[in-house]
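Labels below follow one simple rule: chain letters A, B, ... track the order of the sequence lines, proteins then strands, and each chain is numbered from 1.
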2 protein chains.
Amino acid sequence: MQTKALNKQKEPLELFREKCRERGISITPQRVAIYSVLIGNQAHPSAETIYNRVKITFPDISIDTIYRTLSTFSNMGLVDEVEGYGEVKRYDPELKQHHHFRCKKCNKIVDFHEKSFDNLKIPKAIKEKFSVSNIKVVAEGLCDECL
Amino acid sequence: MQTKALNKQKEPLELFREKCRERGISITPQRVAIYSVLIGNQAHPSAETIYNRVKITFPDISIDTIYRTLSTFSNMGLVDEVEGYGEVKRYDPELKQHHHFRCKKCNKIVDFHEKSFDNLKIPKAIKEKFSVSNIKVVAEGLCDECL
DNA sequence: TGAACAAATCAGAATAATTCTTATATAATA
DNA sequence: TATTATATAAGAATTATTCTGATTTGTTCA
Ligand SMILES: [Mn+2]
Ligand SMILES: [Mn+2]
Ligand SMILES: [Zn+2]
Ligand SMILES: [Zn+2]
C-alpha cells in the first residue's frame, strides 16, 4: 500500500519527462513543479491557484511562467482547458473522457464518469459539415454547499 | 409572407416588454435596441459585437450599458451566457434546450437540436448531492472553414 | 566535462475585457 | 406635470492574461 502510494507520484512524473523528451521540450524545475501540482488535482484549478501552490516550494516562480507552462502543457495534450463563462481560465489534468457538473453560484466543477455519455450520436448535419473531436456533457445547477 | 416577416420582429419585442413589466424593469430605448439585436441572432455574439451593431442605430450608447444590460437580461432569463474557454463572454438568446458545436480554432459556435440529448440521465451520485437545473452537450472540433 | 546555443524564465510593462464611480438623464407613477 | 427610483454615459479602475527584453538554464555534442 505504501509502495503504491509512493509510485503514484513517481509514475506520472516519469511519464511527464518522457512526453517532454518526445516533443523536444526542456524538463525544467518549474515545469516539474507545476506538473506536480496538477497531478491528481480534481479541483480544476486556475493559474492563480496553481501559482500559489507552486510558490510554496518554488518561491521565485513568476505568474507568467505559470501561464506559459499551462499553455505549453495544453498544446502537448497534458492538460485541458475547462469550459467556463468568461471567468478565469481553469485547467484539467484528467485526460480520460469524462463530464462535468458546474455550480452556477460558486463555479465549483465536479467530474463525473458515465459510460452512456461517451458515445453520444451527434446529428448528421453537424457531423457532415464539421470534424468533431470530442463531446462532453455539462450539467449545471447548485452544489451542496450553495444550496 | 411579408406580414409574417414583420410580425417576427413585433412579437418578441412585445414579449420582451411584458417580461420587463413583470419584473418591474424599465423599458428603455437602449434595452430595446440591444434586445432587437439579439432577436434571432444565432452567432452567440460578444458584448463588443453587440455594441457595434447597436451603435449603428444608437451611436451614443456606451459599452458599459451593453454589459450591464446583458447582465440584466441574463438575470431575467432573457439570454444565457455561453460556455467558453476564458475568451470574451458570449450570449445566447435561444432559450429552448439545445446543444453546441464549437470550433476549437475560430471559436464559432453552432446550435444543434437533438431530442435524444434532452433527457440524459445524470449519475445518481451527482443528482443526489447537487441540484441540476440544466444539461447540455458540447461537441468540439474544427468547423468547415477551418478544416 | 564544458563550451555553445536555443529555449525558458523573470520582472515588469502593456493590453484587453469587464466593472465601478459619479454626475446627469429618464421612465414610471400618481 | 412633479416626484423618485432607476438607468445611462463617460471615463477611471480593476483584473486576467500576454508581451518584451534582459538574463539564465537545459541540452547537445565535441
Ligand atoms: Mn474534469
Ligand atoms: Mn446556442
Ligand atoms: Zn456552489
Ligand atoms: Zn472554425
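- Between the side chains of B:Arg68 and B:Ser71, no donor-acceptor pair is found at a separation under 3.5 Å.
- Rounded to an integer number of Å, the gap from CD1 of A:Ile66 to C1' of D:dA16 is 14 Å.
- Note: CZ (A:Arg31) to P (D:dT25) measures 15 Å, nearest angstrom.
- In the model, A:Ser46 has no side-chain atom that pairs as donor or acceptor with a side-chain atom of A:Glu48 under 3.5 Å.
- Rounding to whole angstrom units, CD1 of residue A:Ile61 and P of D:dT24 are separated by 17 Å.
- Under the 30°/60° scheme for interplanar angles, the aromatic rings of B:Phe101 and A:Phe130 are found to lie parallel.
- Residues A:His100 and A:Glu83 have side chains that bring a donor and an acceptor to within less than 3.5 angstrom of each other.
- Looking only at distances, no side-chain donor or acceptor of A:Arg102 sits under 3.5 Å from a matching main-chain atom of A:Leu142.
- Whole-Å rounding puts the A:Ile34 CD1 to C:dT9 C1' distance at 10 Å.
- In this model, the phosphate group of C:dA11 is not approached by any side-chain N or O of A:Ser62 to a distance below 4.0 Å at OP1 or OP2.
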**Complete:** Contact string for nucleotides 12-28 of chain C, one letter per nucleotide 5' to 3', B = base within protein heavy-atom range under 4.0 Å, S = sugar-phosphate only, - = neither, reads B----SSBB------SS

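- Remark: C1' of C:dA7 and CZ of A:Arg23 are 17 Å apart, rounded to the nearest angstrom.
- A donor-acceptor contact closer than 3.5 angstrom links the side chains of A:His44 and A:Asp111.
- With hydrogens and angles left out, the side-chain atoms of B:Asp92 and B:His98 include a donor and acceptor closer than 3.5 Å.
- Comparing the local axis fitted to the first five base pairs of the helix from C:dT1-D:dA30 to C:dA30-D:dT1 with the one fitted to its last five gives a bend of 40°, rounded to 10°.
- Here the two rings, on B:Phe16 and B:Phe73, have centers that are under 6.0 Å apart.
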